[in-house]
Amino acid sequence: MPSQSSIISLFQDKPIGQNVTIRGWVRTFRNDQFISVNDGSTIRQLQIVIRPEELDEATHKRIQTGTCISASGILDKSLGKGQDIELNCNRLEILGDCDPQEYPIQMKRHSLEFLREKAHLRFRTNTFAAVFRIRHHLQFAIHKYFNENGFFNLHAPIITGSDAEGAGEMFRVTTLDATNPPLDENGFADFRQDFFGKPSNLTVSGQLEAELAALALGKVYTFGPTFRAENSNTSRHLAEFWMIEPEVAFNDIHDNMDLAEDFLKYCLRHALTYCREDLEFLQEREINEDKQKPAEERQTKPLIERLQFITEQSFERITYTEAIDILLNSAHYKKKKFKFPVEWGIDLQSEHERYLVEKHFGKPVIITGYPAAIKAFYMRLNEDGKTVAAMDILVPGIGEIIGGSQREERYDMLRAKCAQFHVAEESIWWYLETRKFGTCVHAGFGLGFERLVMYVTGMTNIRDVIPFPRTPGNAEF
RNA sequence: UCCCUAGUAGCUCAGUCGGUUAGAGCACAUGACUGUUAAUCAUGGGGUCGCUGGUUCGAGCCCAGCCUGGGGAGCCA
């Protein structure tokens with residue numbers, strides 16, 4: 001018996017005339033003799049040709065959309081038009097039946113909303129298989145980029161005893177009996193008796209831990225799951241998502257911007273090189289979906305062109321103050337088209353960011369120098385005393401994809417910021433000690449992995465780029 | 001959490017002014033055909049109109065509450 005081949009290897013090597021075996025899932029069974037099979041190795045289907053007279057009636061009925069089969073035979077040039085090779089089957093085995101009365105995935109267009117409710121089966125559609133192959137390649141590209149550039153990967157803890165990061169609501173981790181916890185002298189749950197002897201949570205960011213490592217290893221990055229218990233119900237937020245957080249000793253805010261831009265472009269180039277067919281499929285899909293939409297909601301450029309465009313452009317770099325000026329001088333503002341007010345000191349709203357990126361510049365924008373009051377306590381205070389060395393990278397379509405900063409490395413300044421932001425020093429004494437013992441300039445940023453996958457695949461809902469999305473009220477599968 | 005919007009067959013949707021027996025395409029079943037490309041053609045089965053309550057002689061349609069999905073906002077990555 002010949003060993004099993006992946007369908008992608010058959011398309012690549014084209015071993016015409018050889019006896020091969022493939023295993024996969026039936027997509028369609030046409031004309032009682034053509035079985036279109038996908039094995040996940042590629043977006044493409046292999047056509048299995050079987051002579052009707054060689055197929056007994058019982059087996060014939062078991063070949064349905066979704067059936068798992070093994071097919072052996074001679075690989076040949078295809079007589080049909082849709083493909084260049086096909087498998088002339090001389091041995092067909094049903095590995096797993098699929099009852100068409102019950103199987104919800106049909107060989108037709110399904111809405112993404114419907115497939116979201118079938119998350120266990122949606123991998124079997126072209127769209128999701130393409131998305132998750134691309135997700136894999138992007139993950140690989142990220143590790144590759146950092147490895148090639150001298151970074152060390154750091155596994156930040158998933159369970160943390162610190163709640164000082166201020167990045168959002170946290171999930172409590174406890175082994176206490178929720179219905180009958182031990183109580184302390186004030187009548188509250190007594191976490192001294194909990195597993196860790198103190199309250200603990202799922203991490204909202206690995207940044208603080210990454211900083212500790214960077215101040216010894218030089219260049220590090222984390223790439224792990226993070227958790228936010230925010231009740232945010234949008235197409236861009238998850239309760240569980242994956243984040244990449246590089247942190248580099250001796251980098252200032254400008255080095256940080258250079259790194260982020262180079263890194264982002266590297267990831268896009270990697271996807272363009274290694275995910276070509278999947279991207280072409282998703283591009284085609286997007287074009288078809290856009291036909292149903294009003295003109296103003298359609299993409300102005302096809303997916304691949306958009307990605308290429310980003311890799312070729314240098315990102316626009318402006319300060320927060322300049323951004324406010326651009327907004328104030330815009331015709332959009334003068335016609336009172338912004339819903340929210342614009343003035344120095346405000347946090348930029350989605351509509352402001354979208355105007356800057358999509359209307360004014362038409363390419364990615366890095367904004368730096370935000371007012372200290374609207375950014376986190378650990379960001380380095382600039383010489384003007386009122387702005388911090390923060391940076392946000394905004395991209396068309398997604399908005400903020402990266403947020404980062406040069407960190408406050410000055411011990412006294414950081415303590416002052418802690419007091420200002422009501423961060424208890426005793427809760428992050430270990431973080432403060434790095435500033436006491438051989439501190440140095442350093443900077444880093446965070447990239448939401450799913451936002452990157454959205455950007456590359458053109459998917460518009462974050463729930464469609466993570467295999468099993470966790471959102472408020474939904475932890476099925 | 002707030003605003004908008006939707007929920008009718010397995011899927012995608014139509015359903016007029018509140019009126020008699022609930023509509024289509026696809027899917028599925030049966031048959032025909034056999035080099036097809038989401039094959040084609042014919043025939044057929046398939047409904048708790050999201051849930052609860054209300055208005056009415058009569059509700060898929062009107063009203064109230066709730067549930068679920070989608071879009072937007074806030075928060076953020």
Side-chain angles (χ1 to χ4, degrees), chain A residues 26-36 44-53 55 61 64-66 76 78-83 86 88 98-118 125-126 165-169 204-207 225-245 260 292-294 297 339-340 347-354 374-376 392-395 398-404 445-455 460-466 471-474 476:
Chain A
V26 174
R27 286 295 174 79
T28 61
F29 184 23
R30 295 184 293 265
N31 224 350
D32 294 344
Q33 45 182 323
F34 304 105
I35 309 170
S36 175
R44 292 151 86 175
Q45 270 69 244
L46 183 67
Q47 173 157 289
I48 311 296
V49 185
I50 187 148
R51 296 288 145 213
E53 59 273 17
L55 197 58
K61 285 204 168 148
Q64 302 284 352
T65 297
D76 206 349
S78 179
L79 301 173
K81 283 193 182 122
Q83 58 284 315
E86 61 190 18
N88 278 308
C98 188
D99 183 349
Q101 301 273 23
E102 290 182 60
Y103 188 54
I105 312 296
Q106 301 164 4
M107 200 52 212
K108 58 171 263 191
R109 184 196 168 274
H110 283 104
S111 69
L112 297 174
E113 294 81 13
F114 170 71
L115 292 169
R116 231 168 268 156
E117 290 167 9
K118 315 279 178 212
T125 65
N126 285 333
E165 287 142 44
E169 290 296 310
V204 293
S205 162
Q207 181 203 312
T226 45
F227 308 87
R228 305 273 167 95
E230 301 283 351
N231 186 16
S232 60
N233 253 296
T234 82
S235 54
R236 300 182 309 283
H237 292 86
L238 291 164
E240 176 184 296
F241 64 101
W242 289 69
M243 192 150 65
I244 298 106
E245 295 176 291
Q292 320 289 324
K293 292 182 185 169
E297 286 174 29
K339 217 173 135 197
F340 289 87
D347 206 353
L348 295 177
Q349 302 291 323
S350 295
E351 59 171 355
H352 303 143
E353 295 180 345
R354 204 171 310 131
I374 60 170
K375 288 288 180 183
D392 282 356
I393 301 188
L394 313 176
V395 293
I398 304 279
E400 184 183 340
I401 194 167
I402 283 179
F445 61 84
L447 166 73
F449 183 52
E450 283 75 17
R451 297 232 175 129
L452 177 67
V453 182
M454 282 173 83
Y455 194 67
T460 52
N461 192 312
I462 201 164
R463 295 161 198 213
D464 296 330
V465 300
I466 189 166
T471 52
N474 195 346
E476 193 64 52

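Since the structure is predicted, the reported quantities are computational estimates derived from the model, not experimental observations. Here is the naming used below: chain letters follow the sequence lines, and residue numbers restart at 1 for every chain.
Position along RNA chain B of the nearest nucleotide to A:Asn88 versus A:Glu450 favours A:Asn88 as the more 5'-ward residue.
Looking only at side-chain heavy atoms (C-beta outward), A:Glu113 and A:Asn461 stay at 4.5 Å or farther from each other. Within the 4.5 Å cutoff, side-chain heavy atoms of A:Arg228 are placed close to those of A:Phe241. Side chains of A:Thr234 and A:Ile462 form no contact here, defined as non-hydrogen atoms less than 4.5 Å apart. Contact check for A:Glu351 versus A:Lys339: side-chain heavy atoms found under the 4.5 Å cut-off. Considering only heavy atoms from C-beta on, A:Glu400 stays 4.5 Å or farther from A:Leu348 through its side chain.
If you take CD1 of A:Ile466 and C1' of B:A77, they are 12 Å apart, rounded to a whole angstrom. One interatomic measurement links the two molecules: CZ of A:Phe227 to P of B:A77, which rounds to 16 Å at whole-angstrom precision. In this structure, NE2 of A:His110 is placed 8 Å from C1' of B:A27, rounded to the nearest angstrom. What separates CZ of A:Phe449 from C1' of B:C76 is a distance of 19 Å, to the nearest Å. Distance A:Arg116 CZ to B:G69 P: 10 Å, rounded to the nearest Å. The distance between atom OH of A:Tyr103 and atom P of B:A27, rounded to the nearest whole Å, is 16 Å. For A:Ile50 and B:U36, the CD1 to P distance is 18 Å, given to the nearest whole Å. Computed from coordinates, the A:Ile462 CD1 to B:A77 P distance equals 12 Å when rounded to whole Å.
When heavy atoms are screened at a 4.0 angstrom cut-off, A:Lys118 is found touching no nucleic acid atom at all. The residue A:Ser111 sits close only to the backbone: its heavy atoms come under 4.0 Å of sugar-phosphate atoms, none of a base. Using a 4.0 Å heavy-atom distance criterion, A:Leu238 is classed as a base contact. Using a 4.0 Å heavy-atom cutoff across all strands shown, A:Gln106 reaches at least one base atom of the nucleic acid. Contact annotation for A:Gln83: base contact, defined as any heavy-atom pair under 4.0 Å involving a base atom. Residue A:Thr28 is classed as a sugar-phosphate contact, given heavy-atom separations below 4.0 Å to backbone atoms only.
In this structure, the separation between CZ on A:Phe445 and CD1 on A:Ile401 is 10.5 Å, given to the nearest 0.5 Å.
Proximity of A:Thr234 to the phosphate of B:G71: no side-chain N or O atom is located under 4.0 Å from OP1 or OP2. Distances shorter than 4.0 Å separate none of the side-chain N or O atoms of A:Asn31 from OP1 or OP2 on B:G35. Under 4.0 angstrom from either OP1 or OP2 of B:A39 there lies at least one side-chain N or O belonging to A:Arg30. Between B:G74 and A:Arg236, no contact under 4.0 Å exists linking OP1 or OP2 to a side-chain N or O. In this model, the phosphate group of B:A39 is not approached by any side-chain N or O of A:Lys81 to a distance below 4.0 Å at OP1 or OP2. In terms of phosphate contacts, A:Asn231 brings no side-chain nitrogen or oxygen within less than 4.0 Å of OP1 or OP2 of B:C2.
Side-chain N or O atoms of A:Asp99 include one that pairs as donor or acceptor with a backbone N or O of A:Gln101 at under 3.5 Å. Using a distance-only test at 3.5 Å, with no hydrogens or angles considered, no donor-acceptor pair links the side chain of A:Thr28 to the main chain of A:Arg30. Of the possible polar contacts, none joining the A:Glu86 side chain to the A:Val49 backbone as a donor-acceptor pair under 3.5 Å is found. Between the side chain of A:Arg236 and the backbone N or O of A:Arg451, no donor-acceptor pair lies under 3.5 Å.
One P atom belongs to B:C62, the other to B:U16, and the distance between them is 9 Å to the nearest Å. Rounded to the nearest Å, the gap between the C1' atom of B:U40 and that of B:G35 is 13 Å. With C1' as the reference atom, B:C41 and B:U36 are 15 Å apart, rounded to whole Å. Separation of the P atoms belonging to B:A27 and B:G70 is 27 Å when rounded to the nearest angstrom. Only the P atoms considered, B:G10 is 16 Å distant from B:A29, to the nearest whole Å. The separation of B:A22 from B:G60, taken at their P atoms, amounts to 10 Å, rounded to a whole angstrom. The P atoms of B:A14 and B:A73 are separated by 26 Å, rounded to the nearest whole Å. Using atom C1' as the reference point in both B:U56 and B:G19, the two lie 12 Å apart (nearest Å).
In the set B:A77, B:C11, B:A73, the nucleotide with an atom closest to the side chain of A:Gln349 is B:A73. In the set B:U36, B:G69, B:C76, B:C76 carries the atom at the smallest distance from any side-chain atom of A:Arg228. Of the candidate nucleotides B:U36, B:C75, B:A73, B:U36 has the atom nearest to the side chain of A:Ser78. In the set B:A38, B:U1, B:A29, B:U1 carries the atom at the smallest distance from any side-chain atom of A:Asn233. When distances are taken from the side chain of A:Gln64 to each of B:A29, B:A77, B:G10, the shortest belongs to B:A29.
Applying the 3.5 Å distance criterion, the base of B:G35 shares a donor-acceptor pair with the side chain of A:Glu86. With hydrogens and angles ignored, a donor-acceptor pair closer than 3.5 Å exists between the side chain of A:Asp32 and the base of B:C33. On a pure distance criterion of 3.5 Å, a polar donor-acceptor pair joins the side chain of A:Gln47 and the base of B:U36. A donor and an acceptor atom sit less than 3.5 Å apart, one in the side chain of A:His237 and one in the base of B:C76.
Here A:Phe241 packs flat against the base of B:A77; its ring centre is closer than 5.5 angstrom to the base's six-membered ring, tilted by less than 30 degrees.
When the salt bridge (charged side-chain N to carboxylate O under 4.0 Å, His left out) test is applied to A:Glu245, no partner is found at least two apart in sequence or on another chain.
In RNA chain B, stems built from 3 or more consecutive Watson-Crick or G-U wobble pairs, each with both distances under 3.5 Å, span B:1-7 with B:67-73, B:10-13 with B:23-26, B:28-32 with B:40-44, B:50-54 with B:62-66.
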